[in-house]
2 protein chains.
Amino acid sequence: MADLSKKTVERLCVYHRELLELENEGTDHIFSHQLAKRAGVSPVQLRHDIMGIGYSGSPARGYEISEMLKSIAKQLLSTKQQNVAIVGIGNLGRAIMAYFHGRRENIRIIAGFDSDLQKINRTISGCYCYSMNDIERICKYHKIKAAIIAVPEREAQDIAEKLSQAGIRGIMNFAPVRLVLPDSIYVENLDMALTLEKVAYFARQ
Amino acid sequence: MADLSKKTVERLCVYHRELLELENEGTDHIFSHQLAKRAGVSPVQLRHDIMGIGYSGSPARGYEISEMLKSIAKQLLSTKQQNVAIVGIGNLGRAIMAYFHGRRENIRIIAGFDSDLQKINRTISGCYCYSMNDIERICKYHKIKAAIIAVPEREAQDIAEKLSQAGIRGIMNFAPVRLVLPDSIYVENLDMALTLEKVAYFARQ
DNA sequence: ATATTACTGTTAAATAAATAACAACGTTAA
DNA sequence: TTAACGTTGTTATTTATTTAACAGTAATAT
């Protein structure tokens, strides 16, 4: 398995999604410039990315969607279902859970954690909720390798360290803080306040 | 005003936030390596970024926090309050509104839009909600230049075009689609499904 | 005074990413 | 059969971003 860059992985996910949609529409082949347009990238970049995963299309018919999907999935997606945990079941946490609930993907949020007793031992959006104290036990038991942090700013660093203890390797962090963690843990920040500032900045230019 | 890269703007926002927090704690000076650690970047990169905005610290005392804040704000933040709209007041939309409500920033969500009559003409998290049909009128009236899209996938492109019509220049898009818009409109995608896939991928490596 | 230290600002090098250029190939039309 | 076309895959070029190197500077200690 080649080592794909962060940006490439991101784009491959986009292609994968667009290809799934195309497949549903009944399309079986597509040219790079068509797919590129849907994905919002240049055709060259798309071909370059596809080169990286070892799939080849035909100059005559373009890419065969089902085959391309297989190739991308082979690189990106785990063969078995991947379990994810979420910490923090407030407004945002529940919205995220609802967002992912029902998607028939191979990534599923299967455990929630909160300190609020009202939420513990309930099922929310198809996901069972535990006490914060159970993080390590449950994550290890379910072999959870990725987690979502949706707790307030002040708790985020502490939770991140707990998750790290529990063997988590990747974190999607919604809290507006830069988590300080070992480099071996992959962190993706979805910092809404920050992003909105950035958007506002470029909207003014 | 210099032309700062996307990445630089993003990091400057982080520095700004950390500096605000430091100021609240009563600190008045800080060295690049200290701030860099809090921001999760290298000290060199921080100094490089700061160079770009024309502020200078002292080799002896480091950066003077209040002055540095002013310099960053001068580059990044609008002098007057910047109004933002949100389209789509579902679970996610309301969570976003709640998230931003009460933050004493100069960016404020002041208008919500939805097609659900139940939500129209109500105030949610301090933000008045209008019908989708009012997008152009309200955005122009309040000089709104940035918007958040939190509608389902299938509506996103249509809404984006409406916003574009209404004079919006920047969009924070939560819908899992790549919006096709003129280059003059800045789009930042916060694609949770995609991001989680990416995190899951790197968590496996 | 003067050397030392610990920092900053800036230029230079290295790395990463995007774009362009073009050969190779199957298909179609003459 | 052969030439022309439009596409892919790949290598080269350019551009952007990060990292390193180092001179300049104020404070401190000798």
Side-chain angles (χ1 to χ4, degrees), chain A residues 2-15 19 22 27-69 71-72 75 178 183 186-187 189 198 202 205, chain B residues 2-15 19 22 27-69 71-72 75 178 183 186-187 189 198 202 205:
Chain A
D3 49 335
L4 304 165
S5 83
K6 197 174 145 177
K7 295 273 184 92
T8 304
V9 169
E10 194 170 317
R11 286 191 299 264
L12 285 171
C13 290
V14 179
Y15 307 153
L19 287 168
L22 284 159
T27 318
D28 55 351
H29 286 83
I30 194 166
F31 291 118
S32 65
H33 64 268
Q34 301 172 306
L35 181 55
K37 183 162 188 191
R38 289 182 69 131
V41 302
S42 76
V44 207
Q45 188 163 59
L46 166 54
R47 293 206 298 276
H48 213 282
D49 289 337
I50 295 307
M51 197 180 81
I53 61 166
Y55 171 73
S56 282
S58 126
R61 282 184 233 92
Y63 298 110
E64 192 180 331
I65 291 177
S66 63
E67 284 305 311
M68 197 168 170
L69 273 169
S71 295
I72 297 179
Q75 294 286 328
R178 259 34 193 178
D183 287 348
Y186 180 84
V187 179
N189 293 301
K198 202 174 18 160
F202 286 110
Q205 301 303 304
Chain B
D3 50 335
L4 304 165
S5 83
K6 196 174 143 178
K7 295 272 184 94
T8 304
V9 169
E10 195 170 318
R11 285 191 300 262
L12 285 172
C13 291
V14 179
Y15 307 152
L19 287 168
L22 284 160
T27 319
D28 54 350
H29 286 84
I30 193 165
F31 292 118
S32 65
H33 63 270
Q34 300 172 305
L35 183 54
K37 182 162 189 192
R38 290 182 68 131
V41 303
S42 76
V44 208
Q45 187 162 60
L46 166 55
R47 293 206 298 275
H48 214 283
D49 289 337
I50 295 307
M51 197 180 80
I53 63 166
Y55 171 72
S56 281
S58 126
R61 281 183 235 93
Y63 299 110
E64 192 180 330
I65 291 178
S66 63
E67 284 304 311
M68 197 169 170
L69 274 168
S71 295
I72 297 180
Q75 293 286 327
R178 260 35 193 176
D183 287 346
Y186 180 84
V187 179
N189 293 301
K198 205 177 10 163
F202 285 110
Q205 300 304 303

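Everything numeric in this text was worked out from a predicted model, so none of it was measured.
Residues His33(B) and Leu46(B) form no side-chain contact, since every pair of their non-hydrogen atoms from C-beta on lies 4.5 Å or further apart. Between Glu64(B) and Asp28(B), every side-chain heavy-atom pair lies at or beyond the 4.5 Å cut-off. Here the side chains of Gln75(A) and Leu4(A) are in contact, with some heavy-atom distance below 4.5 Å. Two residues are said to be in side-chain contact when any heavy atoms from C-beta on lie closer than 4.5 Å; Tyr63(B) and Gln34(B) fail this criterion.
Test Val14(B), Val41(B), Ile30(B), Ile50(B) against Leu35(B) for side-chain contact (heavy atoms from CB on, under 4.5 Å) and you get one pass: Ile30(B).
In this entry the distance linking CZ of Phe31(B) with C1' of dA27(D) reads 10 Å, nearest Å. With rounding to whole Å, Tyr55(A) atom OH is found 13 Å from dT7(D) atom C1'. When rounded to the nearest whole Å, the span between CD of Glu64(B) and C1' of dT8(C) equals 15 Å. One can place CD of Glu10(B) at 11 Å from P of dT17(D), the figure rounded to the nearest angstrom. At whole-Å resolution of the value, CD1 in Ile50(B) and C1' in dC7(C) are 15 Å apart. If you measure from atom CE of Met51(A) to atom P of dA12(D), you get 12 Å, rounded to the nearest angstrom. Whole-Å rounding puts the Leu35(B) CG to dC7(C) C1' distance at 15 Å.
Scanning for ring pair (Phe, Tyr, Trp, His ring centres under 6.0 Å) contacts around Tyr15(A) gives an empty result, with sequence neighbours left out.
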Response to the item:
With B for base contact, S for sugar-phosphate-only contact and - for none (protein heavy atoms under 4.0 Å), nucleotides 17-30 of chain C reads SSBB----BSS---

